[in-house]
Number of protein chains: 2
Amino acid sequence: MKATMKDVAKMAGVGVGSVSRVINGEHVKETTRTRVEEAIKVLDYQPDIYARGLKTNRTNTVALILPSVWHPFFAEFALSVESCLAAQNYKMYLCNSNGNAEKEREYIQMVQQNKVDGIIGITYSDIDQYISSNLPFVSIDRYFTEDVIYVTADNAAGGRLAVDELLKRRCRHLAYIGGYQETPNETKNRRKYFEIECNARQVQYDVLDMLEPLTQVNRHINEFLDAHPGIDGIFTINDDMALTVCDVLQQRGQHVPDDVQVIGFDGQRIKEQDDFLVSTIVQPVALMAQKSVDSLLAVIAGQTVDNRTVLPVAFGASWTTQPIQ
Amino acid sequence: MKATMKDVAKMAGVGVGSVSRVINGEHVKETTRTRVEEAIKVLDYQPDIYARGLKTNRTNTVALILPSVWHPFFAEFALSVESCLAAQNYKMYLCNSNGNAEKEREYIQMVQQNKVDGIIGITYSDIDQYISSNLPFVSIDRYFTEDVIYVTADNAAGGRLAVDELLKRRCRHLAYIGGYQETPNETKNRRKYFEIECNARQVQYDVLDMLEPLTQVNRHINEFLDAHPGIDGIFTINDDMALTVCDVLQQRGQHVPDDVQVIGFDGQRIKEQDDFLVSTIVQPVALMAQKSVDSLLAVIAGQTVDNRTVLPVAFGASWTTQPIQ
DNA sequence: CTGTTAGCGCTTTCAT
DNA sequence: ATGAAAGCGCTAACAG
């Protein structure tokens, strides 16, 4: 039978209160502590999380809500978050909403029921539910209101950096290719600052921004390229899109990177610490995870934290400094 | 303030017992049920999972223990498991052991403390802890003993299939390149049945099997290829290795697939439903996840299930029917 | 500094 | 069929 606190108390010849104090690292007399610890070891006692949760309403769990974990960026982010949390003795519920607002709602309800201490969310749907859940909440990549904490990569700098890199490679006619959703989010800055930088540097550019969910992407890209035949440098909203663009280019008989340069966004790699899939603006995933967790736990602990964390991006390329095509 | 069962009972004018019965779908008089349901809706009552867990020792949570979630196969598997569980109203703890036995042990302890109802594990370390944990357990890709349930892809068929495909492509001199660990596991059958099939078909072959953790892989592969210059068809333990082999081949000036054919294992894709990264033996990830969850929940429910589930694999190639190089 | 005790919200007998 | 009551294992308030 599983040992309870009472068993430990009896064996150690103390009251349950003292056992509880030892467990929770409060101050007790040295002799008491050693006797309790001894008993704990002998009985292989482990506190019952559910009893504690019932009593305290704190559970050392955090929910991570993502739109799709298929996306390598999200997957890597999820893993980083999990390990940051584990390091602080927190557990993580992985909630995969599939970009479905209904599912997201279900999850919020589910995790409230499970008394998570807080939520980290990459969400492109409504915020009200998060607010109303009254739970500490950190948003990734999306700005809501002043008082919602969020952490994001520096998408603006990324957009500028892409222009810079493209120009370094002697491109004359740039393009942005991406997809977007109605709801505002930080990734829109990739396009916005790409355009701002193009204007500042007085370089010709065109934009293809498609409303999601994406359909007939290849056809649209083809038409876009037909309409603007001079394009020799392309910045895409993410690495997935970059790969798609590379595909289309190849089918059109244009060679990457000799004829056209392509830069993605995210920093996807095939294997850990391996080459990037395409030239790309790399998001500091691990850092973003760490920051999110730190902020969330700080809020949970009742501290005040910066509402806004913007993390630097970098240019990354595979060993050839060229997209694998 | 959050409503409790007592509040509901009072509002409905019944005892808490009846509320509990309604919640748990037991039989109650029709009028009682409707009054309770009404009160539940009005008060927005949600049962407290922790109180219930304390009382019943069942928690509707399952732990998934993986060696590394960076590996795309594991990542996809994790997602599938999560969604199968969610469909059955179960939550999942994601436990990322990093192939570290110590971390694995910690996790087991952690999840026992959290009263998970069962464990699904891809583990290459000791089993004793799982056994001793006395929790329903489903092993992926690894056979322990007769009474431990496991589900796996048909690695044997995969090994044979690789030989078959390679011969179809007129290869004359095959090779297996892989890594291995001391502990036995199902993936060793990839090599074993590759060899068996080679022998049966009387085709020349060589083997490079490296002890993990892998170091200086490229050098070893180079030396291996130097030592066996005639090799024109390679089967690797997984897609990662296939990519590495493609790299090495390219650096040696050998062209894939014109000079050498390469077939991996797993079925990694860059994007969901997109082309495979390399020609490969595809594991039915979603099916494996479904089967694991079904088996585990069956055991939890006290039913008896097949201890051994072997799921079919298939040959898969990118649209060019050639590895992207 | 420490033992005792009252619940946390739920399920589950036990009467009724 | 259902209300009353015990108690799951823990924490925290209180009294000493």
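Numbers restart at 1 for each chain; the letters A, B, ... are given by sequence-line order, proteins then strands.
One finds no salt bridge joining A:K41 and A:E37 here, because no Lys/Arg side-chain nitrogen approaches an Asp/Glu carboxylate oxygen to under 4.0 Å. Classification of A:K115 and B:D48 as a salt-bridged pair holds, one side-chain N sitting under 4.0 Å from a carboxylate O.
With sequence neighbours left out, B:R58 forms a side chain to side chain donor-acceptor pair (under 3.5 Å) with B:Y90, B:D117.
If you check the side chains of A:R142 and A:Y150, you find no donor sitting under 3.5 Å from an acceptor. Using modelled atom types, one finds no donor on one side chain facing an acceptor on the other under 3.5 Å when comparing B:K91 with B:N60.
Atom CZ of B:R58 is separated from atom C1' of C:dT12 by 16 Å (rounded to the nearest Å). Rounded to a whole Å, the NE2 atom of B:H27 is 5 Å from the P atom of D:dA1. At whole-Å resolution of the value, CG in A:L54 and P in C:dC10 are 9 Å apart. We find that CD of A:E30 is positioned 15 Å from C1' of C:dT2, with the value rounded to whole Å. Atom P of nucleotide C:dG7 and atom CG of A:N57 are separated by 16 Å, given to the nearest angstrom. B:R33 places its CZ atom 10 Å from the P atom of D:dT2, with the value rounded to the nearest Å. Here the P atom of nucleotide C:dG9 and the CG atom of B:L43 are 14 Å apart, to the nearest Å. Per the geometry, CD belonging to B:Q112 stands 17 Å off C1' belonging to D:dG9, to the nearest Å.
For the pairing with A:F74, the side-chain contact (heavy atoms from CB on, under 4.5 Å) check across A:L66, A:N96, A:V285, A:I140 returns one residue only, A:L66.
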What is the per-nucleotide protein-contact pattern of nucleotides 10-16 of chain D, from the 5' end, where B denotes a base atom under 4.0 Å from a protein heavy atom, S denotes such proximity for sugar-phosphate atoms only, and - denotes neither?
BBBB---

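Checking the phosphate oxygens (OP1, OP2) of D:dT2, no side-chain nitrogen or oxygen of B:S18 falls inside 4.0 Å.
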